[in-house]
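Okay, so here's the structure we're looking at.
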Amino acid sequence: MDGNRKVIMAVGAHTGDAQLTMGMLLAKHAQQGDKIIVVDLTAGERGCPAGTTPEEFRPRNVESARKFARELGGESIVFDIPDGELRDSPEIELRLARLMREKQVDAVLYHWKNSIHKDHVEAHRITDNAIFFASLPTFDLDGLAPAPIRSFLCAENWEDAQGFEPYVYFDVTEAYPLWEKAVKHLWLTEHSTSMAYLKYYDALSVTRGCLIQKGRATAFAATGDRRVVRETL
């Protein structure tokens with residue numbers, strides 16, 4: 001890491017999850033010069049539009065994830081696990097933990113523990129355990145140095161709403177235009193017939209912003225019993 005430059009990793013179950021729910025904060029950190037890494041555990045290819053097969057849609061989603069990360073000057077990594085078949089296992093936990101060590105990650109953003117989508121639940125468990133293994137100095141992982149993870153927070157997602165209570169708020173007013181430009185590379189942002197994603201997360205950012213007297217904000221879950229406003233991770 002260069003000087004005070006942080007390495008921020010966002011982990012999503014599918015292409016689109018991290019970009020939509022964590023992307024505004026990622027954009028803020030990108031503007032501050034931090035390194036952004038987005039890891040999609042699956043490409044979300046089974047959410048393909050009518051007339052398109054999952055096999056055809058996968059490379060399209062992988063490319064859109066790459067374009068999103070490029071807008072933020074960051075890196076996109078998409079695992080080769082089929083959409084809908086994500087399972088927590090020691091192998092995938094250590095694969096993600098190894099990546100966290102290789103990249104020397106300082107902060108991790110990921111799914112909340114409860115969800116109507118089973119892949120999101122699995123993604124939470126996988127990331128939670130990967131953080132443990134990546135940061136534990138007494139756990140040997142191919143001789144890699146432990147990751148200096150100091151912050152890990154769960155994003156607000158309409159599919160992961162059960163038990164989610166906003167705890168940490170970030171002012172993302174200035175970062176919003178960059179996020180909006182980047183997230184439009186994803187097909188589902190504006191074209192999904194099941195959810196108006198852009199409209200929802202646009203409105204949510206305004207709502208959260210009202211609670212901290214800012215133009216726009218994004219909220220994350222963490223332990224604690226009071227509202228917190230942070231400038232960065």
Within one Ile-Leu-Val-Met-Phe-Trp-Tyr cluster: [X] and [Y], side-chain cutoff 4.5 Å:
X	Y	result
Tyr201	Val168	yes
Phe133	Ile131	no
Met24	Tyr200	yes
Phe68	Met195	yes
Leu26	Leu188	yes

Can Phe220 and Phe170 be said to form a ring-ring contact (aromatic ring centres under 6.0 Å, His included), step by step? CA-CA 9 Å; Phe220 290 78; Phe170 297 91; 5.8 Å; yes
I would like to know whether Arg66 and His185 meet side chain to side chain contact (heavy atoms under 4.5 Å, CB included); could you show each step before the answer? CA-CA 9 Å; Arg66 187 189 66 80; His185 287 295; over 6 Å; no
Trace of the side chain to side chain contact (heavy atoms under 4.5 Å, CB included) decision for Ile92 with Arg87: CA-CA 8 Å; Ile92 191 172; Arg87 300 285 188 277; over 6 Å; no
Start with the C-alpha gap between Ile126 and Tyr110, add the side-chain angles, then the distance that decides, and say whether side chain to side chain contact (heavy atoms under 4.5 Å, CB included) holds. CA-CA 10 Å; Ile126 290 165; Tyr110 61 121; over 6 Å; no
If you take all heavy atoms of [X] and [Y], which pair is closest and at what distance?
X	Y	answer
Phe164	Cys154	CE1-O, 3.5 Å
His111	Ala123	CD2-CB, 3.7 Å
Gly16	Leu186	CA-CD1, 3.8 Å
Arg101	Leu144	NH1-O, 2.9 Å
Ala18	Ala10	CB-CB, 4.0 Å
Asp119	Gly84	OD2-N, 3.0 Å

Do [X] and [Y] have side chains that get closer than 4.5 Å, going by heavy atoms?
X	Y	value
Phe79	Leu86	no
His124	Asp160	no
Trp179	Val172	no
Leu198	Lys184	yes

Under the criterion side chain to side chain contact (heavy atoms under 4.5 Å, CB included), I'd like the reasoning laid out for Tyr176 against Val206: C-alpha separation, chi angles, the key distance, then a yes or no. CA-CA 10 Å; Tyr176 182 86; Val206 173; over 6 Å; no
For [Y], does its backbone N or O pair with a side-chain atom of [X] as donor and acceptor, under 3.5 Å?
X	Y	result
Asp171	Thr173	yes
Asn114	Gln162	yes
Thr189	Val183	yes
Arg95	Ala130	no

With a cut-off of 6.0 Å (strictly less than), are more than 12 heavy atoms of other residues, nucleotides or ligands near [atom1] of [X]?
X	atom1	answer
Glu174	CD	no
Glu190	CD	yes
Lys199	NZ	no

Who passes side-chain contact (heavy atoms from CB on, under 4.5 Å) against Thr193, sequence neighbours left out? none
Would you list the atom pairs, donor with acceptor, under 3.5 Å between side chains in residues 37-46 and any protein atom, with sequence neighbours excluded?
unit_1: Asp40; atom_1: OD2; unit_2: Thr15; atom_2: OG1; d: 3.1
unit_1: Asp40; atom_1: OD2; unit_2: Gln19; atom_2: NE2; d: 3.3
unit_1: Thr42; atom_1: OG1; unit_2: Ala13; atom_2: O; d: 2.9
unit_1: Thr42; atom_1: OG1; unit_2: Gly44; atom_2: N; d: 3.2
unit_1: Glu45; atom_1: OE2; unit_2: Asp83; atom_2: N; d: 3.0
unit_1: Arg46; atom_1: NH1; unit_2: Asp83; atom_2: O; d: 2.3
unit_1: Arg46; atom_1: NH1; unit_2: Glu85; atom_2: OE2; d: 3.2
unit_1: Arg46; atom_1: NH2; unit_2: Glu85; atom_2: OE2; d: 3.3

Sole candidate of Leu99, Leu96, Val11 that passes side-chain contact (heavy atoms from CB on, under 4.5 Å) when paired with Ile77: Leu99
Would you mind listing every side chain to side chain donor-acceptor pair (under 3.5 Å) that reaches into residues 208-220, with sequence neighbours excluded? Glu156-Arg208, Asp202-Arg216, Ser205-Arg216
Residue pairs fulfilling side chain to side chain donor-acceptor pair (under 3.5 Å) with at least one residue in residues 24-34, sequence neighbours excluded: His29-Asp34
Atom [atom1] of [X] and atom [atom2] of [Y]: how far apart are they, to the nearest 0.5 Å?
X	Y	atom1	atom2	result
Ser135	Arg150	OG	CZ	11.0 Å
Leu25	Ile8	CG	CD1	7.5 Å
Glu93	Asn129	CD	CG	4.0 Å
Lys35	Leu72	NZ	CG	11.0 Å
Ile81	Ser89	CD1	OG	7.5 Å

Does Glu122 pair with Arg125 as a salt bridge, N-O distance under 4.0 Å? yes
Results of ring pair (Phe, Tyr, Trp, His ring centres under 6.0 Å) for Phe152 - residues two or more places apart only: none
Kindly write out the residues that satisfy ring pair (Phe, Tyr, Trp, His ring centres under 6.0 Å) with His14, not counting sequence neighbours, or none if the list is empty. His117, His120
Sub-6.0 Å ring centroid separation between Phe57 and Trp187: yes
